[in-house]
Amino acid sequence: MTCCFRYLLAAACMAAWACAGAAPASAAGQKSQTAFREQVRPFLAKYCTDCHGGAEPESKLALDKFADAPAADAGRDAWTKIRKYLQSRIMPPKEADQPTAAELKAVIGWIDLHFSGVDCSLKRDPGRVTIRRLNRAEYNNTIRDLTGVDFHPADDFPADDVGYGFDNIGDVLSMPPILLEKYLAAADQIVDHAIYIHTPEKTPKQTFAADKLHNKGGHVGGVGLEFASNGEAFVDVELPAHGQYILRGRACATQAGNELAKMAFKFDDREVHVAEVAAEPGSPENYETRLTANKGKHHFSLAFINDFYDPQNPDPKRRDRNLSIAWLE
């Protein structure tokens, strides 16, 4: 804690010194203006403004516009170039009069001193903001929000770079070639999941023979699975994608009482449709319903739900209501 406090105190002192040193009315500022008037401006007039002055200055660099030190402040970039050319002796050109070592030292020293301070009155420029990519969690969430499909393509991406305990810092997150390849592959997968085309190739029909179904209360007979009392046949199905599906069952029934035999369609143990089975014994018919379901494993069942028995009925064919889930044709 003590070390941290010392660091913060030192930083605060340095900032205060820099801002104070840049104040226009400071002693350093007055000294800089005097040095410019007595050393820098005569130097420019003697060696530079013949070419870099007037209406059409060489390289569009007009040095005669710098009448004093405050005027020089507006040309920081120009003074950076001037220092570079003077230090390397590129300017003045070799065919022109050359300044003495003392003159060069004085001008370069003034440039270093004048522009090395911090002017706190200037508009703050925090610098550029790094354009960062999404990390894996953000990418998955963005795809979900854009497409409405809860698909996680970024789970296969390389691990995100971490800096200071965070994995969403632009200057830390890298962009290796393998990640770009993963982005391209993910784009194809996202399109396949978001835009689903219902074709036979995409959604093949799944069929299950009656004797292959699990059942409660039924037994295998001549027509298929026969239910003499309430019961159901069921199977687990794997759906390839979110979409609309047709559930179909083939059945016939013996009738009794004042209503037809009823076969309930159940999906994930939820009743989604009830079909009245009017098909006569030995002549089964198809009954179906449509529903929207998510991708993945589901539980589908057909259930006989209205068993009825009337042994006193004078018509032997109307004494017992049974349901048969028939073989596939």
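Given the structure is predicted, the values throughout are model-derived calculations rather than measurements.
We find the CG-CD distance between N322 and E226 to be 8.0 Å, quoted to the nearest 0.5 Å. R321 contributes atom CZ, which lies 6.5 Å from atom CZ of F304 (distance to the nearest 0.5 angstrom). For the atom pair M91 CE and Q98 CD, the distance stands at 10.5 Å (nearest 0.5 Å). The line from CZ of R318 to OG1 of T254 is 9.0 Å long, rounded to the nearest 0.5 Å. Note that CD1 of I325 is 12.0 Å distant from OH of Y287, once rounded to the nearest 0.5 Å. Here Y245 contributes atom OH and R290 contributes atom CZ; the two are 13.0 Å apart, rounded to the nearest 0.5 Å.
Nearest heavy atoms, R41 versus R37: CB-O, 4.2 Å. Contact between P92 and Y47 at its shortest, heavy atoms only, is CG-CB, 3.9 Å. Between P99 and E103, the closest heavy-atom pair is CA-OE1, 3.3 Å. Taking every heavy atom of both residues into account, N313 and R319 meet most closely at O-NE, 2.6 Å. Closest heavy-atom contact between L239 and A293: CD1-CB, 3.5 Å. Of all non-hydrogen atoms in L134 and Y183, the two that sit nearest each other are O-OH, 3.8 Å.
For D145, the CG atom counts as densely surrounded, since its 6.0 Å shell holds more than 12 non-hydrogen atoms of other residues, nucleotides or ligands. By the 6.0 Å contact criterion, CD on E238 is enclosed, its count of non-hydrogen atoms from other residues, nucleotides or ligands being greater than 12.
Judged purely by atom type and a 3.5 angstrom limit, N306 uses its side chain to pair as donor or acceptor with the backbone of L260. In this structure, the side chain of E232 does not engage the main chain of A264 through any donor-acceptor pair within 3.5 Å. Using modelled atom types, one side-chain atom of N230 and one backbone atom of D307 make a donor-acceptor pair closer than 3.5 Å. Side-chain atoms of H52 come within 3.5 Å of backbone N or O of L61 as a donor-acceptor pair.
In the hydrophobic clustering of ILVMFWY residues, with side-chain heavy atoms under 4.5 Å counting as a link, W79 and I108 come out together. Taking hydrophobic clusters as Ile, Leu, Val, Met, Phe, Trp and Tyr residues chained together by side-chain heavy-atom distances below 4.5 Å, F265 shares a cluster with V235. Both F267 and L213 are assigned to one and the same hydrophobic cluster, defined by single-linkage of ILVMFWY side chains at heavy-atom distances under 4.5 Å. The hydrophobic cluster containing L180 also contains Y139, counting ILVMFWY residues as joined when their side-chain heavy atoms lie under 4.5 angstrom apart, directly or transitively.
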Which atom pairs, donor and acceptor, lie under 3.5 Å between side-chain atoms of residues 273-281 and protein residues at least two apart or in another chain?
none

Compile the donor-acceptor pairs under 3.5 Å between side chains in residues 152-178 and protein atoms, sequence neighbours left out, one pair per line.
| unit_1 | atom_1 | unit_2 | atom_2 | d |
| --- | --- | --- | --- | --- |
| D155 | OD1 | N140 | ND2 | 3.2 |
| D156 | OD2 | K182 | NZ | 2.8 |
| D160 | OD1 | R133 | NH1 | 3.1 |
| D160 | OD1 | R133 | NH2 | 3.4 |
| D160 | OD2 | R136 | N | 2.8 |
| D161 | OD2 | S174 | N | 2.9 |
| D161 | OD2 | S174 | OG | 2.5 |
| D167 | OD1 | N135 | ND2 | 3.2 |
| D171 | OD1 | T130 | OG1 | 2.4 |

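Within the 4.5 Å cutoff, side-chain heavy atoms of R250 are placed close to those of N286. With contacts defined as side-chain heavy-atom distances shorter than 4.5 Å, the pair F43/L86 qualifies. Between M263 and L323, the closest side-chain pair of non-hydrogen atoms falls below 4.5 Å. In this structure, S283 and C252 have side chains that are not in contact, with every pair of non-hydrogen atoms separated by 4.5 Å or more. The side-chain heavy atoms of V237 and F208, taken from C-beta on, include a pair separated by under 4.5 Å. Side-chain contact between H242 and T292 is present, with at least one heavy-atom pair separated by less than 4.5 Å. In this structure the side chain of L44 reaches within 4.5 angstrom of the side chain of V40, judged on heavy atoms. With a 4.5 Å cut-off on side-chain heavy atoms, L63 and I82 count as touching.
Residues D236 and H299 bring a donor and an acceptor atom of their side chains to less than 3.5 Å of each other.
When ring centroids are compared, F66 and F36 stay outside the 6.0 Å threshold.
Under the 6.0 Å distance and 45° angle rule, K216 counts as a cation-pi partner of F234.
Using the six-membered ring where Trp is involved, W110 and H114 have ring planes that are parallel, under 30° apart on the 30 and 60° scheme.
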